[in-house]
Amino acid sequence: MTAEPDGPEDRLRRFATIWSRAVFPVTSTSSTRPEFEAQLLPLARRLSEALLARTFDSDAGRAVGSALVDAHCTDPEALSRTLDCVDAYLVLYCGGGGDQEDLRARCARLQHAMAAGFARTLRERTLAEQEAIAQAALQAQGVVAQALHASEARFRAVFEGAAIGIGMADLEGNILQVNGALLRMFGVSEPTLRSRNVRDWTHPDDAPQTWRLYDELVRGEREHYHLEKAFYRPDGTVLWTNLTVSLLRDADGDPQYQLALMEDTTERRLLNLRLRYEATHDALTGLPNRTFFFERLEKALGAGEGQRFGLCYLDLDGFKTINDSLGHAAGDRLLVEVADRLQSCATAPGEMVARLGGDEFVALTTGPGTQHEVDELAGRIMNALLAPISVDGRELTVRGSIGIVEGPAGERSPAEVLRSADITMYRAKSAGGNRFELADAEADARAITRHGLTTALPTALERGEFFIEYQPLVHLGDGSVRGAEALVRWLHPQHGVLGPDRFIPLAEHTGLIVPLGRWVLEQSVRQAREWRELRGGVEAVGPLRINVNLSPCQLTHPGLVQDTVDILERTGVAPDALCLEVTESALIGADDDLLKPLRRLAEMGVDIALDDFGTGYSNLANLRRLPVSILKLDRSFTQSMQQFPADPVDLKIVEGIVSLAHSLDLAVTVEGVETGAQAEQLRILGCDTAQGWYYARPGPPERLHQLALVDATG
């Protein structure tokens, strides 16, 4: 037993050694085994490079298969041993520790390409040999009159010594001569074979043009034809051949005989079928894979008028948890059981189930009535997952989310259908899972738009597509403008101006909210400094304060405090001119680690406002431990005050909140004030400041400065 190879080159040489030892005994070459191994080494290197290439290219496999023929590895056993060696050792020695499932799939495709390249080159060599034999036959026939004995000996040597099967018949199809290779291919004696007529050799798999070409040849309308044809042997087995039939003419040019050359391709065909199966079926579950599924889907979508399709896209709920807790081996056994159950759900004509990868499966149904059939198929799938699955003695409950797409053939591409199904499946999953949803064009469009916005977000900040509008905060006692809330907007090149509800959740999901929030904070603080400079000596009610929203992601970012300090110092703005707004839901159940940055900012003099207060169902007693100085009352409490008289229950609630806040030295700001009656009622209840369309809509900073200047100067 030798030591494990150390590096990639050692592993490659080890693979070439194993390959040469396997193939050399069945190779017709004058080289020694080490010399033969040296011939295989560059071929092994090419296979390794193709296996690990960023973009897979099957040309490498075909080139290696062709090179094997050039290296005299023409025996079918040489190809079989080569493919077995590649299947067993290529990923092991040349895989480089990559994704094993992907590497195995690539390896299977390389084997398929090698077999195709081997077959093509061998066929070209065989055709050249066949042409030479045909020419020899013609020449032998022409020379008979001049040198009968010499030409007969030459023709007989070629005829009997050829490795391919050769047979000669008259124009009526009566077989006149056959060589030993042909007898061995059929496994019969010469009298038995010569008793047959060519027209008796029909087979159900004959190509439609087979016998038309034959008739044209015996009539003298064509000189030869070539095709793949199957024959029945006497024992009932099938012999597959590459068949070339040529017409032999007499000295006057009249058709006289037909000459058939047959290459036995049975083993090669079976190998190709096996490789095709491996390339189109999932190695774990045995289900058709993504490649096979797309072929079927494309065929279904290209069906004629009146045909429809239905697609169920299934993703298992919570499968990652099973993989992480029980291991991938248990997860694989679970997937095999799920695949078996799904397979039992799609047994009707036109139905199939495939595994796309991971825990994603698809079920397809085709025909004129898929509107009803696809719903039934989805129901059968959901029912099949109800019973627990036993894995390693554990009873695991498996559920799934299904996205359904159904429609007429010919209107959408396979990629569009699968994208719609994927979007719909995630809509079912976001609704709680363990359910199926029907595709909706508007929902698809929204999801595609969200994806487009998500991918455009990073460059949008770099291109300066964001801008800020400001909504004034008005003191309810004297009506003066005390500050403004900064509201970020996105001027999108295609969609126009987008509000924060369209892109802030996407920024939070991608992590871009941190740099975007830092940019908003800096721009807003700089604007506050400009307002202070523009007001000059008018400071009767103090400097304008700027309110900036913080997302939950920003709260947990370690640079929050330092970024805020740096921005205030660079702009020369005092901390008490800044208020950071945090939603109540972000602080429900917050621990000391989360509150620590807010406490540090509050100690510096930055105001902290609890935004959307009243929507998070927080314990009011928690207000004592939060470092907040302002409550921003959610508009849902004050909507009834737009009309007179207001709902007495809402009045009592707001009155109680205001009283509680003031007892804790907290100011109260009200959002969504839209009428004068509403503003007056809130003033009577003791609220401190308010904002809303009654005072001003969000707008450019110049408008707010004008409002503030008018208030300050009376």
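These values consider heavy atoms only, across backbone and side chains, with no hydrogens, waters or symmetry-generated copies. Every value quoted in this text rests on a predicted model; they were computed, and no experiment measured them.
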Considering only NZ, NE, NH1 and NH2 on the basic side and carboxylate oxygens on the acidic side, decide whether [X] and [Y] come within less than 4.0 Å.
| X | Y | answer |
| --- | --- | --- |
| R45 | E49 | no |
| E228 | R268 | no |
| R199 | D215 | yes |
| R13 | E37 | no |

Are Y93 and W19 near enough that their ring centres are under 6.0 Å apart?
-> no
Keeping [X] on the side-chain end and [Y] on the backbone end, is there a donor-acceptor pair under 3.5 Å?
| X | Y | answer |
| --- | --- | --- |
| N289 | F292 | yes |
| N242 | E263 | no |
| T82 | A78 | yes |
| T237 | R233 | no |
| R106 | L51 | yes |
| R333 | V391 | no |
| R222 | Y214 | no |
| T424 | I404 | no |

Which word best sums up how the rings of F36 and F24 line up, parallel for under 30°, tilted for 30 to 60°, or perpendicular for over 60°?
-> tilted
Does a donor on one side chain sit under 3.5 Å from an acceptor on the other, for [X] and [Y]?
| X | Y | result |
| --- | --- | --- |
| S20 | R33 | yes |
| S401 | D317 | yes |
| T265 | R269 | no |

Can L182 and Q177 be said to form a side-chain contact (heavy atoms from CB on, under 4.5 Å), step by step?
-> CA-CA 10 Å; L182 191 64; Q177 297 184 51; over 6 Å; no
With a 4.5 Å cut-off on side-chain heavy atoms, are [Y] and [X] touching?
| X | Y | answer |
| --- | --- | --- |
| V178 | F186 | no |
| D282 | E101 | yes |
| M352 | P288 | yes |
| T210 | H203 | no |

Looking at R274, R109, R104, which hits salt bridge (Lys or Arg N to Asp or Glu O under 4.0 Å) with D87?
-> R104
Determine, stepwise, if the pair F361 / I381 fulfils side-chain contact (heavy atoms from CB on, under 4.5 Å).
-> CA-CA 11 Å; F361 299 84; I381 292 174; over 6 Å; no
